[in-house]
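Below is one structure, written out as C-alpha cells; comments come after it.
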Amino acid sequence: MNKKMIAKFIGKILMVEAAFMVPAYGISLYKHEEAAARAFLVTMLLTVLVGGVLVTATRGAKKGFHAKEGLVCVGISWIVLGLFGALPFFLSGAIPHYVDALFEIVSGFTTTGASILSEVEPLPMSILYWRSFSHWLGGMGVLVFLLAVSSGDERSKGFTMHILRAESPGPKVGKLVPRMKQTAEILYILYIILTVLNIVFLLAGGMPLFDSICTAFGTAGTGGFGIKNDSIAGYSPYLQNVCTVFMLLFGVNFSCYYMLLLRQVKSVFKDEELRLYLGVVFGSIVLIVLNLRGYYATIGETIRHVAFQVASIVTTTGFATTDFDLWPTFSKSILLCLMLLGACAGSTGGGFKCGRALLVLKGLRRSVRQIVHPGKVEVVRVNGRAIEEKVLENTNAYLAAYALIIVASFLLISVDGFSVTTNLSAVLACFNNIGPGLEVVGPTCNYGTFSVFSKLVLIMDMLAGRLEIFPILILFSRTTWGKR
C-alpha cells in the first residue's frame, strides 16, 4: 500500500478544509463574534500545520495508486475532515462536548442533517454558516473538489480514477468525458450553477441573503440543516415550493444534466432510473395526499406539505415544514420506505439509491425466470445496455452489507432503552443520510438524548452511508493493512 501518497493526499485535504473556513472566520470578525473568531483561527492554524507537515514529510511519495489506496484514502480523509471540522463548534463553546460537536459536523459533511441541538437560532452566525456550508462541501465531495482544481498530471491517472469512484455515490461511476479530472470539473460546475439558481429563486421570494445561502447549501447537498428552529416551516409557501423543486433536482443523477447540455433530451427521459425516481415521488405524493384528506385546511396546503416532505425524505435532505411524525401510520410507512430507497445514483442524495434498486429488481426477475426456464440465458439490461455480472455481484454484496450494518447498529444503540421505532428510524435516518426519524428523533426533536456510545455508532453509520459502505468497511479489514 502506498501509505505516503495517502498521507500526502490527506494533508492536502486538510489544507483545503482550512481554506474553506476562511469565509466563516470573516463572518465571525464582521459580526464581532469573538469566541467563534478565536475558534476558527485556532482551528485553521492547527489544520494547516498538520496538513503542511503531512505534505512536506511525503514530498517524495511515489504516485502509484490502486483501488485499495483509493478506498482507504477516502475513508480516512472523511474521518479526519470530521475530527478537525468539529473544532470550531467545540472551541467556541457553541457545542460544549466534543463528541456532540463531532456528531454535528459529520452529520453536516455527510449531508445527513441529524442534529444534537434543540435550538439553532442562538448560535453565532459564523457557526451557522460553517454548519450549513459543510452540507454543500460534502454533497458533491471535498475530494472531488480537490480533483477538479488539481493539476492534470497523467502519472496520477489511477489516483484520480480510484478517488472519484470511491467517493461518488452509486453502483458505478462512469466518465462524462474521457478524462476523470474533467468529469470532476463538470460535476462541480453543474453543482455550482444549480446552487446559484437556487439562491436566486429564494431571493426572488423575499428570503434574506444569509438565509438564502444557507438554505441553498442545505438543499444542494441534500443535507437539511436549517438556521431556524422550525426548519423551513416559517417561510412562505412560495419558498417552500422552491425548496421542494430544487431538492428533487439535486436528487437526479448529474449525468442527466450533462446530457441535457449536449441536447440529448430523449436519452434523459428514457433513463430507467430517472423514471423510477419520478414515479416513486409522484406515486408517494398521491398516496399520502389521499391518506391525509381533511388533515389540513385545504387540498392545496395538503399537497404542498406532502410534496415537500416526500421530496425531503426521498432525496435524504431532511428539511421539514410540518411534524410528519403526527401523520397516520400509512403515510409514515411510506416515508420510512422512501428513507430506504433514496435518490438517484450520481446525485447528492443518500439512501440505497434508485439505480441499485433497479438492478436488484431486474436481477430478481432474471432469477425467477431462470428457475422456471433453467436452460435460458438472460442478460440484465438497463437503458438498453447489458450490465456486467461483476456490477450485479457488487450490488448484491452492497445489499448484504447494507442490511447487516442496519441490524448491527440497531442492536448496538438499543442499549439506550428507547423504543424500537425510535432506534430503527434513527439508524435508517443516519445510515441513509436523511436526518429526522420518528418519535424521539422526529422532525421537532433531536439526537442529543442518545448516549456517547450510541452517537459514535451513528457517526460511523453516517460516514458509511455517505461513502457507500466499503471505504469505511475496508478500514477494519486486516488484509487492507497487510504487506501483500
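From a predicted model like this one, the values you see are computed outputs, not experimental measurements. Along the sequence shown, residues are numbered consecutively beginning with 1.
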Which pair of non-hydrogen atoms, one from [X] and one from [Y], has the smallest distance, and what is that distance?
X	Y	value
Thr315	Tyr277	CG2-OH, 3.4 Å
Ala220	Trp136	CB-CD1, 3.8 Å
Ser77	Ile10	OG-CG1, 3.6 Å
Leu123	Ala94	CD2-CB, 3.8 Å
Ile299	Val289	CD1-CG1, 3.8 Å
Pro436	Pro443	CB-CA, 3.9 Å

Indicate yes or no: does [X] engage [Y] in a salt bridge with an N to O separation below 4.0 Å.
X	Y	result
Lys353	Glu468	yes
Lys228	Glu121	no
Lys362	Glu273	no

Within this structure, what is the [atom1]-[atom2] distance for the pair [X] and [Y], rounded to the nearest 0.5 Å?
X	Y	atom1	atom2	answer
Ser347	Phe250	OG	CZ	10.5 Å
Ser212	Ile227	OG	CD1	8.5 Å
Met259	Asn253	CE	CG	10.5 Å
Ile459	Leu102	CD1	CG	4.0 Å
Thr444	Leu326	OG1	CG	7.5 Å
Thr317	Leu248	OG1	CG	8.5 Å

Would you say that [X] contacts [Y] through its side chain, given a criterion of any heavy-atom pair below 4.5 Å between the two side chains?
X	Y	result
Cys243	Phe308	yes
Met339	Phe431	no
Val281	Ile285	yes
Leu128	Pro124	no
Ser331	Phe324	no
Asn291	Trp327	no
Tyr447	Thr112	no
Val382	Leu359	yes

Assess, by modelled atom type and distance only, whether the side chains of [X] and [Y] contain a donor and an acceptor separated by less than 3.5 Å.
X	Y	answer
His305	Thr321	yes
Ser454	Asp416	yes
Asp211	Tyr235	yes
Ser419	Thr422	yes
Asn433	Thr111	no
Asn432	Thr316	no
Thr322	Gln309	no

Item to complete: Please report the C-alpha distance between Ile79 and Ile76 in whole Å, then the side-chain angles of each, then the deciding distance to 0.1 Å, and finally whether the side chain to side chain contact (heavy atoms under 4.5 Å, CB included) criterion is met.
Response: CA-CA 5 Å; Ile79 292 172; Ile76 294 177; 5.7 Å; no
Practice prompt. Could you walk me through whether Lys332 and Glu439 pass the salt bridge (charged side-chain N to carboxylate O under 4.0 Å, His left out) test, one step at a time?
Written response: CA-CA 11 Å; Lys332 289 191 291 185; Glu439 293 186 355; over 6 Å; no
Worksheet entry | Ring centres under 6.0 angstrom apart (Phe20, Trp130) | no
Worksheet item: Does the separation of the ring centres of Phe352 and Tyr398 fall below 6.0 angstrom?
Response: yes
Worksheet item: Can you list the steps and then say if Arg385 with Val380 is a side chain to side chain contact (heavy atoms under 4.5 Å, CB included)?
Response: CA-CA 8 Å; Arg385 297 179 180 178; Val380 173; over 6 Å; no
Item to complete: Assess whether ring pair (Phe, Tyr, Trp, His ring centres under 6.0 Å) is satisfied between His135 and Phe225, documenting all intermediate values.
Response: CA-CA 8 Å; His135 279 334; Phe225 275 157; 4.5 Å; yes
May I ask you to decide if [Y]'s main-chain N or O and [X]'s side chain share a donor-acceptor pair within less than 3.5 Å?
X	Y	result
Asp100	Ile116	no
Ser425	Leu438	yes
Ser477	Leu473	no
Arg466	Gly138	yes
Glu272	Asn383	yes
Thr244	Gln240	yes
Thr219	Thr215	yes
Ser231	Gly226	no
Tyr257	Leu249	yes
Ser132	Phe217	no

Worksheet item: Run the side chain to side chain contact (heavy atoms under 4.5 Å, CB included) check on Glu104 and Phe109 step by step: do they pass?
Response: CA-CA 9 Å; Glu104 198 77 9; Phe109 282 135; over 6 Å; no
Practice prompt. Check the pair Arg381, Glu388 against salt bridge (charged side-chain N to carboxylate O under 4.0 Å, His left out), reporting the backbone distance first and the verdict last.
Written response: CA-CA 9 Å; Arg381 296 181 181 275; Glu388 298 176 8; over 6 Å; no
Worksheet entry | Heavy atoms of other groups near Phe210 CZ, more than 12 under 6.0 Å | yes
Discussion item. Test side chain to side chain contact (heavy atoms under 4.5 Å, CB included) on Ile413 and Phe453; report intermediate values, then the result.
Written reply: CA-CA 8 Å; Ile413 72 167; Phe453 172 76; 5.9 Å; no
Worksheet entry | Stepwise ring pair (Phe, Tyr, Trp, His ring centres under 6.0 Å) test for Phe418 and Phe450 | CA-CA 9 Å; Phe418 294 113; Phe450 279 103; 5.0 Å; yes
Worksheet, complete the sentence: Only residue of Leu392, Leu361, Val379, Ile371 satisfying side chain to side chain contact (heavy atoms under 4.5 Å, CB included) with Arg366 is Leu392
